[in-house]
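Heads up: the structure comes next, in structure tokens.
None of these values were measured; they are calculated from a predicted model. Every chain is numbered from 1 and lettered A, B, ... according to where its sequence line falls, protein lines coming before strand lines.
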Amino acid sequence: MRTSQFPLSTLKETPTEAEIISHQLMLRAGMIRRLASGLYTWTPLGLRVLRKVERVVRDEMDGIGALELLMPAVQPAELWQESGRWQKYGPELLRVKDRHHREFCVGPTHEEVITDYTRRELKSYRQLPLCYYQVQTKFRDEIRPRFGVMRAREFIMKDAYSFHADVASLKATYQAMFDAYSRIFTRLGLKFRAVEADTGSIGGNGSHEFHVLADSGEDAIAYATQGDYAANVEMAPTFPAGTPRPAATALMTRVATPHAKTIDEVAAQLNLPAHRVLKTLLVRGRAVPAVAVVLRGDHELNDIKAAKHPLIADPFEFVAPAEAIALTGANVGSIGPVGLSIPVIADYAAADCANFACGANEDGWHLVGVNWERDVPLPETADLRNAVEGDPAPNGMGTLAIVRGIEVGHVFQLGSTYSAAMKCEFLDEQGKPATAIMGCYGIGVSRIVAAAIEQNHDTNGIVWPVPLAPFELAIVPINGHRAPAVQAEAERLEAVFTGLGYSVLLEDRGLRPGVAFADMELIGIPLRIVVSERGLAAGEYETRLRWERENHAVAAADLLAWVQGKLSG
RNA sequence: CGGAGUGUAGCGCAGUCUGGUAGCGCACCUGGUUUGGGACCAGGUGGUCGUAGGUUCAAAUCCUAUCACUCCGACCA
């Protein structure tokens with residue numbers, strides 16, 4: 001391909017709409033153009049990268065025996081009503097009516113369609129297991145699309161679904177999928193982590209998310225400093241210290257804390273660190289109007305864990321501030337466990353505190369030197385907070401560290417949620433009807449492109465991992481339009497490398513070298529070969545790897561081997 | 001949906017307070033000089049100032065409504 005024949009519409013300046021680096025660079029490199037909020041056109045350049053991702057994904061899916069099919073993007077409401085999700089899904093589901101006023105949705109996912117397809121085809125356990133996948137455009141009417149294709153409304157996803165006669169078969173396919181995902185992200189050259197994930201409202205057992213590690217990620221991942229434990233922070237359990245509480249050395253005393261509302265304000269007035277101040281939050285109870293949850297001041301309530309607690313309402317909800325006064329006699333900010341008449345649950349870490357401060361259940365007053373058992377009965381304890389950096393790791397090895405990640409894949413043992421609701425059945429070995437067990441497995445194909453840029457860029461632009469690059473090789477002749485020998489040599493190299501199966505972009509716009517280099521760097525071509533009169537005279541080429549800062553002088557005879565060595569790795 | 005903000009040429013912006021009929025940089029076109037890290041000179045194309053009303057002799061500018069977009073929050077495979 002030659003630059004004169006290929007639309008490179010690079011921008012020197014960053015459009016204001018782009019907030020994160022991958023979005024900025026995708027716009028500047030001319031990979032995407034916005035059509036409306038959350039809707040993007042992939043340019044020829046951008047599409048080349050997208051296709052590279054798809055190629056690797058397809059290759060690995062085919063490799064584990066998954067079968068590609070293609071389902072409609074638009075789906076009839078009836079299927080969603082059958083699964084119950086027509087009601088559950090909410091406004092994120094784009095619903096449309098056709099000319100006959102029949103209801104449809106633009107598919108955000110395809111569990112219903114695949115289950116419907118399979119129940120029509122599936123007769124016997126002998127057909128199982130089955131595993132299908134597709135690469136398809138999905139639509140989710142996100143409340144707030146942002147970050148370009150990272151969180152777009154329309155996006156491309158690889159979704160796979162498996163059907164099984166028993167759990168053992170499901171687990172085997174789940175493991176094969178898990179391994180295939182690991183190979184995909186490895187092949188794409190991305191730093192990633194598989195983490196244990198919340199199974200959310202869908203239910204089911206095993207679930208892992210695959211995250212590309214990047215500071216701009218929307219998810220927090222907790223991982224063990226030793227061993228390979230990793231989980232979404234919302235999933236990482238915390239534990240009691242397991243050592244005796246420090247001795248009660250202080251006397252419980254009432255202290256005025258005028259106008260102190262937040263933990264920081266209270267801690268400052270009392271001259272105590274935040275972890276010595278306990279906070280008391282009122283949440284809706286399952287059987288009672290309110291339950292008090294006590295946490296260390298420096299910890300955050302985890303509402304997923306809270307909603308799973310038998311005393312706490314699911315879904316989780318805070319008690320309205322006005323109600324708090326009636327229940328405790330004090331406003332939010334001055335509530336504490338001492339003398340409360342509603343049920344109290346203490347987080348493990350809060351229960352391990354001694355000589356702590358807490359609200360006095362009277363506005364403007366706190367208690368200091370408080371101790372469990374001596375001053376207030378030790379309530380029921382539970383894991384109710386988000387794990388933080390330095391917490392003991394759940395695998396018993398080292399402590400937790402926290403990094404940010406971009407979720408690019410999710411594998412999920414669905415169970416029979418959809419197959420039961422939609423009666424996806426088969427005859428088992430005894431000739432009895434049985435319900436299929438399902439797994440589902442997604443990869444955010446378009447999101448991977450953005451995630452890869454978040455992880456691979458520098459001040460000059462994108463630094464594609466070789467497997468993702470829109471072109472592997474850039475050939476830049478210096479003053480080719482004035483030096484026929486240079487131009488001829490550049491074209492010869494183009495033909496040679498193209499013939500060897502490399503994707504080559506030849507710069508033939510007659511630009512000044514600086515402009516040509518800047519463009520090739522912005523769009524992230526991994527390897528650049530410069531052809532010049534100087535080089536020809538010396539019998540060598542100047543090459544540069546995108547992730548390096550120095551040029552290499554490569555003798556003409558060695559060029560082929562050099563390129564092959566760099567691009568095969 | 002709540003809060004904040006922005007809409008002026010393809011992109012980045014000034015002009016709005018104080019009304020007088022639209023400008024700068026980049027990009028683009030023509031000619032010339034240049035050519036190893038985003039050149040220079042000269043000339044040029046391109047905007048119903050988001051949209052619709054209103055006030056006024058006169059509106060990018062003041063008023064009203066409306067739309068779009070961005071950010072923060074709630075929400076979320």
Side-chain angles (χ1 to χ4, degrees), chain A residues 7-20 23-24 27-30 33-39 85 88-93 107-111 138-148 150-153 155-161 197-202 204 207-211 218-219 232 234 303-304 315-318 406-412 414 440-447 459-461 476-483 486 507 509-522 528 530-536 541-542 544 549 551 553:
Chain A
L8 286 183
S9 58
T10 52
L11 299 173
K12 226 182 270 187
E13 289 176 285
T14 304
T16 36
E17 68 186 67
E19 192 69 11
I20 59 170
H23 189 193
Q24 293 172 354
L27 289 171
R28 285 190 52 208
R33 290 291 182 249
R34 195 180 69 91
L35 177 64
S37 179
L39 303 177
R85 285 208 290 185
K88 271 191 213 158
Y89 218 94
E92 198 176 307
L93 184 65
T109 175
H110 282 71
E111 279 85 4
K138 312 281 190 201
F139 191 95
R140 292 181 192 174
D141 201 355
E142 294 281 349
I143 296 171
R144 188 147 82 84
R146 60 188 129 173
F147 306 149
M150 186 79 84
R151 191 167 206 79
R153 291 195 292 177
F155 59 100
I156 295 174
M157 186 177 191
K158 184 285 301 177
D159 48 327
Y161 307 90
D198 182 27
T199 49
S201 51
I202 308 174
S207 176
H208 286 85
E209 292 169 351
F210 286 78
H211 286 261
E218 293 187 273
D219 293 295
N232 201 308
E234 59 194 27
D303 56 4
I304 294 173
F316 172 87
E317 193 189 354
F318 278 113
I406 299 163
E407 186 187 351
V408 291
H410 198 160
V411 292
F412 205 127
L414 261 185
C440 69
Y441 321 89
I443 286 184
V445 173
S446 43
R447 179 180 280 186
T459 51
N460 293 330
V476 182
I478 302 290
N479 297 327
H481 57 293
R482 288 193 324 186
V486 167
E507 175 56 66
R509 292 174 293 183
L511 298 174
R512 301 167 66 83
V515 181
F517 294 160
D519 260 2
M520 293 300 144
E521 284 163 6
L522 176 59
R528 180 176 80 203
V530 174
V531 183
S532 64
E533 291 186 289
R534 204 160 77 196
L536 286 184
Y541 303 96
E542 175 189 295
R544 178 119 143 203
R549 290 273 167 188
N551 295 326

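rC76(B) and rA14(B) have their C1' atoms separated by 40 Å, with the value rounded to a whole Å. The separation of rC24(B) from rU35(B), taken at their P atoms, amounts to 30 Å, rounded to a whole angstrom. Only the P atoms considered, rG3(B) is 27 Å distant from rA77(B), to the nearest whole Å. rG20(B) sits 15 Å from rC63(B) when the P atoms are compared, rounded to a whole Å. When the C1' atom is used for both rG54(B) and rA59(B), the distance is 11 Å, rounded to whole Å. Rounded to a whole angstrom, the distance from the P atom of rU21(B) to that of rC17(B) is 14 Å. Straight-line distance between the C1' atoms of rG50(B) and rA9(B): roughly 14 Å, to the nearest whole Å. Comparing the same atom, P, in rG23(B) and in rG43(B) gives a spacing of 16 Å after rounding to whole Å.
Nearest-nucleotide mapping onto RNA chain B: of E13(A) and R544(A), the residue sitting toward the 5' end is E13(A). Both I143(A) and R534(A) lie close to RNA chain B; mapped to their nearest nucleotides by heavy-atom distance, the more 5′-ward contact belongs to R534(A).
Here the closest heavy-atom approach between residue V476(A) and residue A516(A) is recorded as CG1-CB, 4.0 Å. Shown here for S207(A) and H410(A), the closest heavy-atom pair between the two residues is OG-NE2, 2.6 Å. The two residues S37(A) and P145(A) have their closest heavy-atom pair at OG-CG, 3.5 Å. When all heavy atoms of A197(A) and E209(A) are compared, the closest pair comes out as CB-CG, 3.4 Å.
Pair assignment for rU33(B) gives rA39(B), based on Watson-Crick or G-U wobble hydrogen-bonding distances that are each under 3.5 Å. Pair assignment for rG73(B) gives rC1(B), based on Watson-Crick or G-U wobble hydrogen-bonding distances that are each under 3.5 Å. rU18(B) is unpaired under the criterion used here, namely a Watson-Crick or G-U wobble arrangement in which both key atom distances are under 3.5 Å. Within the shown strands, rC26(B) is the pairing partner of rG10(B) under the Watson-Crick or G-U definition, both distances less than 3.5 Å. Across all strands shown, rA65(B) is found opposite rU51(B) as a Watson-Crick or G-U wobble partner, with both distances under 3.5 Å. Nucleotide rU45(B) forms a pair with no other nucleotide shown, judged by Watson-Crick or G-U wobble geometry with both contacts under 3.5 Å.
Atom-to-atom, CG of L35(A) to P of rA68(B) comes out at 14 Å; the value is rounded to the nearest Å. Nucleotide rA74(B) holds its C1' atom 13 Å from the CD atom of E317(A), rounded to whole Å. Atom CG in L39(A) sits roughly 14 Å away from atom C1' in rA68(B) (whole-Å rounding). Here the P atom of nucleotide rA27(B) and the NZ atom of K12(A) are 4 Å apart, to the nearest Å. The nearest whole Å value for the distance from the CE atom in M520(A) to the P atom in rG36(B) is 18 Å. A straight line from CD of E218(A) to C1' of rC71(B) spans 14 Å, rounded to a whole angstrom. If you measure from atom CZ of F139(A) to atom C1' of rA77(B), you get 15 Å, rounded to the nearest angstrom. Rounded to a whole Å, the CG atom of L8(A) is 13 Å from the P atom of rC28(B).
With hydrogens and angles disregarded, no donor-acceptor distance shorter than 3.5 Å links the side chain of K138(A) to the backbone of K158(A).
Among the heavy atoms of the strands, none lies under 4.0 Å from S9(A). Residue E19(A) is classed as a sugar-phosphate contact, given heavy-atom separations below 4.0 Å to backbone atoms only.
For I478(A), whose side chain is taken as the heavy atoms from C-beta onward, the closest listed nucleotide among rG36(B), rU70(B), rU35(B) is rG36(B). Across rA77(B), rG38(B), rG12(B), the shortest atom-to-atom separation from the side chain of R28(A) is found for rG38(B). Among rG36(B), rA27(B), rA74(B), the nucleotide with an atom closest to any side-chain atom of R144(A) is rA74(B). In this structure, the nucleotide among rA77(B), rG36(B), rC76(B) sitting nearest to the side chain of E407(A) is rA77(B). In the set rC69(B), rC1(B), rG38(B), rC69(B) carries the atom at the smallest distance from any side-chain atom of S37(A). Among rU35(B), rU70(B), rG37(B), the nucleotide with an atom closest to any side-chain atom of R482(A) is rU35(B). Counting only heavy atoms from C-beta on, F517(A) has its side chain closest to rG37(B) among rC71(B), rG36(B), rG37(B).
Distances shown here put a side-chain N or O of R512(A) below 4.0 Å from the OP1 or OP2 atom of rA39(B). Side-chain N/O atoms of R146(A) include one lying less than 4.0 angstrom from OP1 or OP2 on rC72(B). The side chain of R151(A) contributes no N or O atom lying less than 4.0 Å from OP1 or OP2 of rC76(B). Note on T16(A): a side-chain N or O is less than 4.0 Å away from OP1 or OP2 of rC13(B).
Heavy-atom neighbours of E533(A) CD from other residues, nucleotides or ligands within 6.0 Å: at or below the threshold of 12.
Ion pair E507(A)/R509(A) flagged as a salt bridge, since at least one NZ, NE, NH1 or NH2 atom sits closer than 4.0 Å to an Asp/Glu carboxylate oxygen. We find that R146(A) and E19(A) are not joined by a salt bridge, their nearest charged nitrogen and carboxylate oxygen being 4.0 Å or further apart.
Counting atom types as modelled, R528(A) pairs no side-chain N or O with a base atom of rG36(B) as donor and acceptor under 3.5 Å.
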